[in-house]
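Let me begin by presenting the structure, written as structure tokens, before commenting on it.
Every number for a ligand or one of its atoms is a count from 1 in the order of the listing. The chain is numbered in sequence order, starting from 1.
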Amino acid sequence: MSEKRLFSGIQPSGPIHLGNYLGAIKQWVEYQHDWDAYFSVVDLHALVARPGVKDLRERTLDTLAMLIAIGIDPKSATLFVQSDVPAHSELAWIMNCFTSIGQLSRMTQYKEKSETQGETAGLFNYPVLQAADIALYNAEVVPVGDDQLQHLELAREIVRSLNSYAGKEILVEPKPLLNKSSRIMALNNPEKKMSKSVSGSAIGLLDSEDEVARVIKRAVTDSDPNSSTPSGALKNLFTILESVSDVQTIAKFEEMRVGGHLRYSELKEQLIDDVVAFLRPIQQTYKTLRADTGALNEIRLQGAKKAEVVASDTLQKVKSALGLN
Ligand code: TRP
């Protein structure tokens with residue numbers, strides 16, 4: 001195992017869809033072999049939207065089980081729930097003291113989300129908790145989508161400010177690792193990102209065959225599939241095909257397109273079959289894991305213990321560097 005640290009987090013905010021998977025967490029599975037990887041289900045971040053007591057509790061376990069089902073191995077990576085490790089909240093408080101209102105006011109996510117979620121202090125301070133998540137593990141890199149780059153830059157600034165106050169390099173300045181895969185767009189609107197909250201937009205990893213078929217059949221196909229400049233909608237369907245189908249199938253459809261005899265109906269039939277076949281083993285593993293709450297809670301506990309060792313060590317160093325003990 002490499003000693004280089006990597007950290008990323010995912011909110012337990014509902015079912016994971018193909019866009020989340022192909023755009024981001026699929027790569028986590030690869031990273032766990034190359035890095036000393038820490039992956040957290042960030043329930044304290046999800047609480048900001050006040051999702052409801054039962055939903056938050058259930059979705060945290062759902063997300064944990066889904067991460068394992070897609071291939072995160074709790075023996076290889078450290079997989080844990082954020083609120084199980086109290087050092088996150090404690091370092092977040094400390095980091096708040098090295099963050100200005102001006103910096104937080106510039107966050108575009110705050111500006112956007114406060115319109116629907118209300119202007120809570122939790123939403124405002126969200127990026128500070130995120131900075132604490134990363135800094136606790138001295139993570140050098142953080143795989144994120146481009147919507148998180150601003151939060152990452154702020155995390156670097158907070159770390160710099162704390163280090164400079166302490167007069168030594170207590171915390172590591174993290175760098176973003178941009179997801180290299182293409183972004184999956186909404187099936188009903190290739191201009192927008194795939195989103196579970198919009199009907200017809202997403203394929204959930206837990207969707208049934210019927211649901212998958214319905215969304216793919218209705219996917220936007222508003223232009224000639226054989227045009228020399230493929231539309232966004234067609235490109236999106238091909239991106240999905242390239243992720244779930246075998247090489248021969250991908251080559252066959254590419255040839256049809258280049259040869260000018262591609263039909264949307266045929267492409268969609270193939271996509272339905274291949275997406276369903278791709279999801280089947282994930283869904284089976286998920287169901288087994290999720291049904292055994294005892295075993296899942298044991299994985300959760302072990303993950304928290306592993307994370308705690310590193311987190312409390314970092315927190316102690318920060319506290320003593322700041323005169324807090
Ligand atoms: N804000 C991230 C998102 O919404 C989730 C997150 C929380 C995170 N803490 C993190 C991501 C630390 C990377 C590192 O996607």
Exercise answer: donor-acceptor pairs, residues 167-178 side-chain atoms, under 3.5 Å, sequence neighbours excluded:
{"unit_1": "E173", "atom_1": "OE1", "unit_2": "R156", "atom_2": "NH2", "d": "3.3"}
{"unit_1": "E173", "atom_1": "OE1", "unit_2": "R160", "atom_2": "NH1", "d": "2.8"}

Checklist entry - Are N325 and Q316 close enough that a side-chain donor and a side-chain acceptor fall under 3.5 Å? => result yes
Checklist entry - If you measure from OG on S100 to CG on L154, what distance do you get to the nearest 0.5 Å? => result 8.0 Å
Checklist entry - Using a 4.0 angstrom limit on heavy atoms, which residues are close to ligand 1? => result F7, S8, G9, Q11, V42, H45, Y126, Q130, D133, I134, V142, V144, Q148
Item to check | T314 side chain vs V310 backbone, donor-acceptor pair below 3.5 Å | outcome: yes
Next on the checklist: Looking at Y137, is its backbone amide N or carbonyl O close enough to the side chain of R5 to form a donor-acceptor pair, meaning the two atoms are under 3.5 Å apart?
Outcome noted: yes
Checklist entry - Can you find a heavy atom in the side chain of L241 that is under 4.5 Å from one in the side chain of F253? => result yes
